[in-house]
There are 2 protein chains.
Amino acid sequence: MRPTKRDELVQKALTAFYSNGFNATGMDMLVKETGISKTSMYKHFRTKEDLILAVLRLRDENFRNWLYRRMEELADDPKEQLISMFDALEEWFSEPGYKGCMFIKASSEYQDASHPIHKQSADHKRMLETHMSDLATKARLNNPEPLARKLLLLKEGAIVTAHLGHTENAAQDAKAAAVQVLHAHNS
Amino acid sequence: MRPTKRDELVQKALTAFYSNGFNATGMDMLVKETGISKTSMYKHFRTKEDLILAVLRLRDENFRNWLYRRMEELADDPKEQLISMFDALEEWFSEPGYKGCMFIKASSEYQDASHPIHKQSADHKRMLETHMSDLATKARLNNPEPLARKLLLLKEGAIVTAHLGHTENAAQDAKAAAVQVLHAHNS
DNA sequence: AACAAAGTGTACCGATCTGTTCACTTTGTT
DNA sequence: AACAAAGTGAACAGATCGGTACACTTTGTT
């Protein structure tokens, strides 16, 4: 197996889908932007949907790896790591091509809850929840699961608000709220 | 001017766009679902984009009216009205056809910040922010603007989380967080 | 050198997209 | 009764959609 060409396709398709949307990015545009022939694409993926699912898998891996690592780099203490999630988000929001969360967009374009793309997006959010809940447990905070859910609500809110762009500093607003919420979960 | 036919079109188009998405809803499907001829549609709106903008205006009006009224019905005190926003949201989330926020979806499909549809979605969020900030001022809470922004972060987070459906009670989680945040803004 | 796997380029399929045209019918007003 | 505004239905245009067919070239392995 030579994974390079396939991985190159998925990587470049990710960029195209992220900045143009799923429905709005046709396979011919993908040919143009990736430089990979359509014949080759359809040898690797039977349908466009299969390609999108592969793109989402890559995005899940990249994003979670990046976020978890960045949180660890920004703080040692697990409690402070939870808070520093919002500093990591701020870095993301201020990147030039920031266009919101790929999974929120995927679930916007594939709304049916039973659709594979929708389900895979939900899986991504679930994994984040598990991780944050584990961190809250390590930090010996009260009611770790509800706390994790609250922090993630702030995260999702900040992501869409930063994209809608009607607020300057969504990440720092979310961080301030997180500190206040977290204070209520101290023993 | 007979506004009935045009309003009927916008109202029915709203339903179709909300449950199918914007790109995924073609004009021919709109003809089928509204019972209004395509010729007539294009006499009222020069492009599909114009129709979408009219749909978003209606949605903005309906949603803000509904939310503000519901908050007033659920509580007298302005501070409690802010909290009861999340009870109103819970009612919305549990409606059968709930599919998330139309403006978030619009900004997902029309990502460019300079696009009229994107800008109009941002306007909607801004108006919510102004209203909540006014309420926070009336309630004599500290730092009303930052507080309003935090509550709205929780609102947006709850909306997308309820749609992604990976959590049972997004509205109540958001409400609990809101209470904790609001506590920190008491004098 | 030989062979198979992998990739390319182009033309094509039927369906659907936004938007237009045109001849016709309904409706409201005077 | 007459007239204009508003609405209808169906065909059509040109582009694009996801996906396929086919003949060809490149690449890696032995």
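Here is how names work: the chains are called A, B, and so on, in the same order as the sequence lines, proteins then strands, and each is numbered from 1.
Across all strands shown, D/dG19 forms a Watson-Crick or G-U wobble pair, both distances under 3.5 Å, with C/dC12. Pair assignment for C/dT30 gives D/dA1, based on Watson-Crick or G-U wobble hydrogen-bonding distances that are each under 3.5 Å.
Put simply, B/His44 has a side-chain N or O that comes within less than 4.0 Å of OP1 or OP2 on D/dG7. Residue B/Ser40 has a polar side-chain atom (N or O) positioned under 4.0 Å from OP1 or OP2 of D/dT8.
A pairwise comparison of heavy atoms in B/Gln81 and B/Asp76 identifies NE2-O, 3.0 Å as the closest pair.
The base of D/dG18 has none of its N or O atoms less than 3.5 Å from a complementary donor or acceptor on the side chain of A/Thr47. For C/dG7, its base sits under 3.5 Å from the side chain of A/Lys43 at one donor and acceptor pair at least. Residue-to-nucleotide contacts include no donor-acceptor pair under 3.5 Å from the side chain of B/Lys38 to the base of D/dG9.
Rounding to the nearest 0.5 Å places CE of B/Met85 at 10.0 Å from OH of B/Tyr68. Taking CZ of B/Phe63 as the start and CE of B/Met102 as the end, the distance is 12.5 Å to the nearest 0.5 Å.
A/Phe45 has its CZ atom 16 Å from the C1' atom of D/dG19, to the nearest Å. Per the geometry, CE belonging to A/Met41 stands 13 Å off C1' belonging to C/dG9, to the nearest Å. In this entry the distance linking OH of A/Tyr42 with P of D/dG18 reads 6 Å, nearest Å. What separates CG of A/Leu30 from P of C/dT8 is a distance of 13 Å, to the nearest Å. Regarding B/Lys5, its NZ atom lies at a distance of 10 Å from the P atom of C/dT27, rounded to whole Å. Here the P atom of nucleotide C/dA15 and the CG atom of B/Asp28 are 14 Å apart, to the nearest Å. What separates CG of B/Asp7 from P of D/dG7 is a distance of 11 Å, to the nearest Å. Distance, B/Ile36 CD1 to D/dA6 C1': 12 Å, rounded to whole Å.
The cationic group of A/Lys119 does not satisfy the cation-pi geometry with A/Tyr110, failing either the under 6.0 Å distance to the six-membered ring centre or the 45° limit from the ring axis.
Comparing A/Lys48 and B/Ser37 along DNA chain D, the residue whose closest nucleotide (by nearest heavy atom) sits nearer the 5' end is B/Ser37. The residue among A/Gly26 and A/Thr39 whose nearest nucleotide of DNA chain D is located toward the 5' end is A/Gly26.
Using a 30° and 60° split on the angle between ring planes, A/His163 and A/Tyr98 fall in the perpendicular class, above 60°.
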